[in-house]
Each structure stands twice: as structure tokens, then as C-alpha cells.
Amino acid sequence: MIIEREQDVTAAARAVMEQTSDPRLREIMVSLVKHLHGFIRDVRLTEAEFREAAAILGELGELSTDTHNEIVLMAGSLGVSSLVCLLNNGDQGNSETAQSLLGPFWRLNSPRVENGGRIVRSETPGVPLFVHARVVDPAGDPVAAAEVDVWHASPVGLYENQDPEQADMNLRGKLTTDAAGRFWFRSVMMVGYPIPTNGVVGRLLAQQHRHPYRPAHLHALIAKPGFKVLISQVYDPADPHLDSDVQFGVTKALIGNFVRHDETHPSEADVSAPWYSLDHVYRMEEGDAVLPRAPIK
Ligand SMILES: [Fe+2]
């Protein structure tokens, strides 16, 4: 097709995309051209901006390594990761879901912890936290013998592999649900933390006067054959950034029942006030029990 006017470019590119033999790839490419061309017209993208955009995409790739993914960080910072999650869970976006973002800090082979045990593995100053959770199926019945990975940042906002002060695998554990679908453990209360701001994402946040914080949260990855692997985060409602998560991860369903207690713990002799509890129910969904690839090997 010989192009006469700017409108012709879209028609020409679309016609080529329509010839893609794989139906799903065809659907994606036709829509991509439609929206990408529409976006460029919408903002009247300049030549200088186009060159800058190409350089930024290159930089996103260059900044991504085995331990850091700037592309995923940008996707999160634009709300894309959260949108993909919500569209693909909770009956394809029609109902509440416990699914959330995996984040970059899940590790394979967390050490096993018995129910009631601790995931604190080195001196970690912080207020004690007692988590009591239950895993249920879509009907609300208990899911027994599910494998549960839990992990969270320290009271200074760092995961163990970011922080030489913490022991390997500190604040991580692998538990198994009992016959009633329950798992429970002791840890310390986590705090929110900033995402890395030394790259492209950091420059964008600065230009937009956005803070880089994620509100305090507990990660879980729950696996049991017959269910979709549940990747969840539970957020502290008292966190000052609860309604401004830089990664747009907080949904109503993920706000946890974290409770601060200002009296001595009723059964743990070494716990004086204050301490926290979290009671939570994780609801699994139907689907394939396929584990994601661990961001951290
Ligand atoms: Fe996290």
C-alpha cells in the first residue's frame, strides 16, 4: 500500500497485522496497532519525544538484570501489573480476588516452619506479630495440606537479600495448612518500603512528584494441586501509603485485619505490649497449580 495521508499508515499497518496466522497473536497485534496509533495521534507525539521514548525502552532493558527488573517495576508503576492480575482472576475481573502481585522478592526453597513457629532467623528488632490464617476453596471449605510460602520486609523496610544485617532467609518460611486449612506463625511487624528509584522509574516518579512507597504488606504464595497457585499480599490498614501504593497493588480484598494490642500477650510470656495480630482468610480459585518462575533464584 502506498501511503498518501497520515491516516493511511494505520490502515496499512492494520492490514498487515490482520494477516498474522496465529489467531491470538493476530488479535493482539491488530489491537496494539489500533491503540498505539491512537495514542500517538492523541498526544501528537513529536519526533524528539519518539526518539526519547525509544531510548527509554532501551534503558529499561539495560537496567534489568538477574536481580532487578526495571521493566516489571515500570509496569507496576503504571498500574499495568495490577490490571493484568485483576482481569485474570476473580472470575475474570467480575468478583473479588485474593490474587495480587508476586513482586521481585519471592525465593524458592524457603526453610520449613512448623505451625506456631517463628520466621525470624536473626536479630530483628521489631514489634511481635502473630499471624493466624486459613486457606479456603471457592465454596469456603478448608484447603488442607496446602504449601504456603510467606515472606515480608523487615521493620526497617528491607528484604533479607537486600540487607547484610539479616540472616539468609530471615522473615521467610514454608508452612503447611492443617486439616482445618489453617497455618499460623510468629514474626515481627513489617513496614512499608520504597521501590528502587535509581533508574527510569525513579526519574518518572520524581517528575510526577510521586512518592516511591509500597504500604506494609505480608506476601504469601499458596499451592495445592487442583487450585490456581494463590499469590497474595495482605496490607496494613494503618500504613500512611495504603491509598497511594506506587505499584497500585492495594485492593479492598487485600486490606488485612492487622490489630495492634497494647496489653501483655495472653499466652506468650516474652511478649509485652505492644504486639500485633493478623487474622486472615485466603480464598483459592480454580485453575492450574503452576508455580511462577522465582524472581530470585
Ligand atoms: Fe513486597
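FYI, the numbering just counts along the sequence from 1. Remember, predicted model here, so these are calculated numbers, not experimental data.
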Notebook entry, point to check: How is the hydrophobic cluster of Leu158 composed, in terms of its other members, when Ile, Leu, Val, Met, Phe, Trp and Tyr link through side-chain heavy atoms under 4.5 Å apart, directly or indirectly?
Noted result: Val156
Check: Got a sec, which pairs hit side-chain hydrogen bond (donor to acceptor under 3.5 Å, both in side chains) with one end in residues 130-146, sequence neighbours left out?
Finding: none
Check: Backbone N or O of Leu101 within a donor-acceptor pair of the Gln233 side chain at under 3.5 Å?
Finding: yes
Next item on the list: May I ask you to check whether over 12 heavy atoms, not counting those of Glu59, lie within 6.0 Å of atom CD?
Entry: yes
Checklist line | Test: Arg107 and Asp168 ion pair at under 4.0 Å | finding: yes
Item checked: Other ILVMFWY residues reachable from Phe227 by side-chain steps of under 4.5 Å -> Val113, Ile119, Val127, Leu129, Val131, Val135, Val143, Val148, Val150, Leu175, Phe183, Phe185, Met189, Met190, Leu218, Ile222, Leu230, Val234, Phe258, Tyr276, Leu278, Tyr282, Met284
Next item on the list: With sequence neighbours excluded, give me every side-chain hydrogen bond (donor to acceptor under 3.5 Å, both in side chains) pair touching residues 37-49.
Entry: Glu6-Arg41, Thr10-His37, Thr10-Arg41, Thr46-Glu49
Note to self: Tell me which pairs pass side-chain hydrogen bond (donor to acceptor under 3.5 Å, both in side chains) where either residue lies in residues 114-131, with sequence neighbours left out.
What the structure shows: Thr124-Asn170
Margin query: Between Trp151 and Phe105 (judged by ring centroids, cut-off 6.0 Å), do the two rings come close enough to count as a pair?
Written below: no
Notebook entry, point to check: Would a line drawn from the ring center of His219 to the ring center of His152 be shorter than 6.0 Å?
Noted result: no
Checklist line | Residues Glu147, Lys224: salt bridge by 4.0 Å N-O rule | finding: no
Margin query: For Glu96, is there an ion pair with Arg283 - N to carboxylate O distance below 4.0 angstrom?
Written below: no
Next item on the list: Output all residues satisfying side chain to side chain donor-acceptor pair (under 3.5 Å) with Arg24, sequence neighbours left out; order by chain, then residue number.
Entry: Glu27
